[in-house]
Amino acid sequence: MLPRTRTLVRSMTFVAATAVAAGSLAACSESAEQVPSIGYAIDNSITTYNANTTAGSVSGAMAAFGRVLPGFTFTGPAGAPVSDTDIGTASELPGDVLTVSYKLNPASVYSDGIPMSCDDLVLTWAASSGKFTEDVDGSVKPMFDTANNLGYADIDRIDCQSGSKDATVFFKPGRSFTDWRSLFGATALMPSHVVTQRTGVSDVVSAVNAGDTEALSKIADFWNTGWNLTPGQVDTSVLPSAGPYRIDSYSADDGLVLVANERWWGNQPATDRIVVWPRGVNLNEDLDKNSIEVVDVASGSAGELGTPSGFDVQQIPSRSIEQFVLATSGSLGDEAARRAFAHCVPRTSLFEKFGQTENAPQAGLGSGVVDSRLMAPDSLVYSDAAAVDGDRYANSDVEAAKTSLSEADLDQLTVRVGYLAPDPVRAQIVSEAKAACAPAGITIEDASSDSFDPASLQSGGVDAVLSGMAGKVGAGGTASMIDARGALRSGNGANLGDYGNARIDQIIDQLNVDASTSAQLGLSVEAENILWTQVPTIPLFNQLRTVAVAPGMSAVLVNPTRAATGWNMDRWVLRR
């Protein structure tokens with residue numbers, strides 16, 4: 001077991017607006033001089049500006065660009081959407097069918113001088129709805145490589161006059177998506193005018209409304225890959241910002257440099273320059289050099305974090321669930337083989353070694369092994385959903401694993417587990433699983449690499465992915481579990497294992513429109529009965545996050561969700 005970073009919280013600010021205690025770390029002295037640049041380290045790679053693609057959703061894009069590409073809401077520390085009125089307002093209109101009026105701030109404009117418009121909402125819906133498909137080698141596939149279409153697929157149409165600041169979003173009858181406030185949120189709205197400039201399609205709204213296949217194909221091609229980022233080869237002309245920061249440069253040596261957006265119409269950022277350091281930097285070396293002042297990483301993922309004297313360090317359970325995502329083809333194509341693997345994984349001891357804080361709560365996030373894939377541990381119905389079958393897989397059971405192997409007509413089984421390396425904690429999780437499974441005739445191979453792509457699960461490169469929620473390497477999760485549900489819904493890009501069950505699809509769709517306790521209880525219990533039989537994933541525990549903050553920092557508020565601690569980076573101040 002890796003030594004866990006000790007909890008050294010010296011101050012705590014309670015933020016009533018988010019209904020959660022979030023650490024406001026490292027107070028500063030007003031008499032000290034303000035530093036013009038702050039370094040922020042995350043535990044994920046930044047490969048694209050577009051956090052909505054399959055690749056973007058598992059990257060660090062959402063953690064890096066929440067204040068570069070804001071939306072109508074952001075994910076607050078409690079895991080729920082919080083309105084961002086700098087961008088605009090969203091109001092539910094009366095009627096039998098869910099209808100929402102979106103009004104962009106009249107002053108809203110991108111950093112390149114082009115105003116925000118409802119065209120941006122139409123582009124987001126077109127890309128994330130799954131509505132537009134094409135024939136690929138005889139198979140019908142979505143044009144847009146979106147990670148998760150839940151909620152957007154429930155939208156029937158958007159009334160938008162191209163260039164307008166107003167849009168009316170009409171949902172399908174009977175599809176009143178309960179988490180509609182999370183739609184069109186931070187990092188979801190991409191600049192549609194860049195698409196028109198780069199594709200030659202003059203009007204995104206007209207193309208979408210007409211279902212113009214040729215135009216939509218061009219739009220999708222750019223949306224899928226046109227915002228990819230390669231350090232040292234960044235074209236900032238395709239990266240306009242609608243937030244308080246914009247991208248200035250991105251290189252391996254200097255990191256992702258965000259600077260104040262001169263066209264931002266809201267409160268100006270408290271610090272003019274934030275440098276985001278993605279996965280791969282030497283944290284301890286850079287901390288010693290004073291080039292990083294805020295760290296938000298999975299606990300132990302960078303080894304022992306030897307923070308310099310004076311840093312405040314907090315270790316907290318996040319809303320992301322550490323888990324094995326299993327292929328549903330190849331060596332794990334038989335559900336009995338997946339059950340065999342689940343039986344031998346020592347879930348309880350893994351939680352105790354890698355998921356348990358020193359003062360673990362009795363219930364809720366971080367209280368124990370996670371036994372439900374669809375309900376958060378702090379939800380009202382979690383205990384009932386978790387009681388279905390999780391205990392049967394709580395500890396390594398060699399005999400049960402052998403029995404399941406026999407049901408799959410197997411004597412031996414090899415499971416190649418992939419993850420983004422180096423990661424000492426995930427390496428030890430794989431090692432512990434290997435030792436526990438060997439007596440059952442199950443060989444676990446560590447197939448990690450420093451360029452590992454979770455999508456290789458579908459291509460047969462590995463048999464399992466060890467990751468956070470929905471394949472995320474770093475920060476992840478929301479209170480609604482929308483990413484987790486999307487990762488089990490057939491047809492979604494985030495469904496890395498290509499799992500498909502018509503009844504699970506129906507349950508997820510119903511959970512998303514019926515918030516009543518009775519429905520949530522009955523449906524989640526039924527779902528977990530199916531999921532613990534077919535085992536598309538093996539949930540382990542709420543991923544622990546370590547947030548370290550330099551002395552002299554103020555306004556750093558921990559956010560244990562997909563938004564990460566950088567959710568309010570425009571309020572950060574460093575004084576020395």
Side-chain angles (χ1 to χ4, degrees), residues 15-20 51-52 57 62 66-67 69-95 97-105 108 116 118 120-125 127-129 146-160 165-172 174-190 242-243 266 319 374-376 378-380 470 476-486 508-516 519-520 559-563 567-568:
V15 184
T18 57
V20 66
N52 310 287
S57 71
M62 190 167 287
R67 300 306 290 153
L69 291 170
F72 284 89
T73 60
F74 54 86
T75 304
V82 179
S83 296
D84 189 343
T85 54
D86 281 329
I87 297 301
T89 60
S91 306
E92 186 175 355
L93 300 179
V97 176
L98 177 60
T99 305
V100 182
S101 172
Y102 288 88
K103 294 184 179 296
L104 286 160
N105 190 319
S108 59
M116 294 187 75
C118 60
D120 301 330
L121 280 77
V122 172
L123 174 62
T124 296
W125 170 59
S128 298
S129 66
T146 186
N148 193 352
N149 64 20
L150 299 190
Y152 293 106
D154 295 318
I155 294 174
D156 182 54
R157 74 178 196 274
I158 298 179
D159 283 0
C160 158
K165 293 287 188 181
D166 299 336
T168 305
V169 175
F170 297 87
F171 286 74
K172 298 172 183 176
R175 298 303 305 167
S176 297
F177 185 60
T178 58
D179 195 30
W180 64 264
R181 290 174 181 81
S182 68
L183 304 180
F184 307 108
T187 71
L189 294 176
M190 301 302 295
R319 290 195 172 274
L374 301 180
M375 293 292 155
D378 57 350
S379 65
L380 291 175
T478 65
S480 69
M481 298 285 282
I482 194 66
D483 292 336
R485 294 176 185 179
I508 290 173
D509 290 348
Q510 192 170 348
L511 285 171
N512 290 337
V513 298
D514 190 342
S516 67
Q520 297 281 307
N559 189 330
T561 74
R562 62 188 185 183
W567 70 289
N568 74 332

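If you read the sequence from its start, that first residue is 1, and numbering goes on from there. All values reported here derive from a predicted model rather than from experimental measurement.
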- Is the backbone N or O of Ile508 less than 3.5 Å from a side-chain atom of Asn512, with the two atoms forming a donor-acceptor pair by type? yes
**Message:** Tell me whether Ser379 contacts the main-chain N or O of Ala376 through its side chain, where contact means a donor paired with an acceptor under 3.5 Å.
**Reply:** yes
message: Counting C-beta onward and ignoring hydrogens, is there a side-chain heavy-atom pair between Val100 and Leu93 closer than 4.5 Å?
response: no
CD1 of Ile158 to OG of Ser129, rounded to nearest 0.5 Å, is 9.0 Å
On a heavy-atom basis, the closest approach of Lys172 and Ala153 is NZ-O, 2.9 Å
Contact between Tyr152 and Thr124 at the side-chain level, heavy atoms closer than 4.5 Å - yes or no?
yes
Residues passing the salt bridge (Lys or Arg N to Asp or Glu O under 4.0 Å) test with Asp86, sequence neighbours excluded, are none
Residues at least two apart in sequence or cross-chain that pass side-chain hydrogen bond (donor to acceptor under 3.5 Å, both in side chains) with Asn148, listed by chain then number, are Asn492
CD1 (Ile155) and CZ (Phe184) are apart, to the nearest 0.5 Å, by 4.0 Å
| query | Under a 4.5 Å cut-off applied to non-hydrogen side-chain atoms, are Leu98 and Glu92 in contact? | reply | yes
**Report entry** Plane angle bin for Phe74 and Trp567 - parallel if under 30°, tilted between 30 and 60°, otherwise perpendicular
**Finding:** tilted
Arg67 meets the side-chain hydrogen bond (donor to acceptor under 3.5 Å, both in side chains) criterion, sequence neighbours left out, with Asp84, Asp570
Here the gap from Leu511 atom CG to Thr178 atom OG1, rounded to the nearest 0.5 Å, amounts to 9.0 Å
Q) Are the side chains of Thr561 and Thr478 in touch, meaning some heavy atoms are under 4.5 Å apart? A) no
Between Ala479 and Ala78, the two heavy atoms sitting closest are CB-O, 3.8 Å
Side-chain touch Thr168/Phe170, heavy atoms, less than 4.5 angstrom
yes
If only side-chain N and O atoms count, and only distance matters, is there a donor-acceptor pair under 3.5 Å linking Ser83 with Thr85?
no
Sequence neighbours excluded, the answer for side-chain hydrogen bond (donor to acceptor under 3.5 Å, both in side chains) partners of Asp166 is none
Q: Decide yes or no for Arg319 and Asp378: does some side-chain heavy atom of the first lie under 4.5 Å from some side-chain heavy atom of the second?
A: yes
For Met116 and Lys165 the tightest heavy-atom approach is O-NZ, 2.9 Å
inquiry  = Strictly distance-based, threshold 3.5 Å: is any side-chain N or O of Thr99 a donor or acceptor partner for the main-chain N or O of Val97?
reply    = yes
Sorted by chain and number, sequence neighbours left out, side-chain hydrogen bond (donor to acceptor under 3.5 Å, both in side chains) with Asn105 holds for none
Smallest heavy-atom separation, Cys160 atom then Val122 atom, equals CB-CG2, 3.8 Å
Here the gap from Asp120 atom CG to Met190 atom CE, rounded to the nearest 0.5 Å, amounts to 9.5 Å
ring-ring contact (aromatic ring centres under 6.0 Å, His included) assessment of Phe177 paired with Phe171
CA-CA 8 Å; Phe177 185 60; Phe171 286 74; 7.1 Å; no
So CG of Leu189 and OG of Ser108: to nearest 0.5 Å the spacing works out to 10.0 Å
Pro560 and Pro77 have their tightest heavy-atom pair at CD-O, 3.6 Å
Residues Gln520 and Arg485: closest non-hydrogen pair is OE1-NH2, 3.6 Å
From CA spacing to verdict: side chain to side chain contact (heavy atoms under 4.5 Å, CB included), Phe72, Leu183:
CA-CA 8 Å; Phe72 284 89; Leu183 304 180; over 6 Å; no
Contacts satisfying salt bridge (charged side-chain N to carboxylate O under 4.0 Å, His left out) that involve residues 150-159 (not counting sequence neighbours) are Asp154-Arg175, Arg157-Asp159
* Just by modelled atom types, is the Arg181 backbone N or O under 3.5 Å from a matching donor or acceptor in the Thr73 side chain? -> yes
**Prompt:** Asp179 and Ser182: side-chain hydrogen bond (donor to acceptor under 3.5 Å, both in side chains), yes or no, with the steps?
**Reply:** CA-CA 6 Å; Asp179 195 30; Ser182 68; 2.9 Å; yes
Here the gap from Asp483 atom CG to Ser57 atom OG, rounded to the nearest 0.5 Å, amounts to 8.0 Å
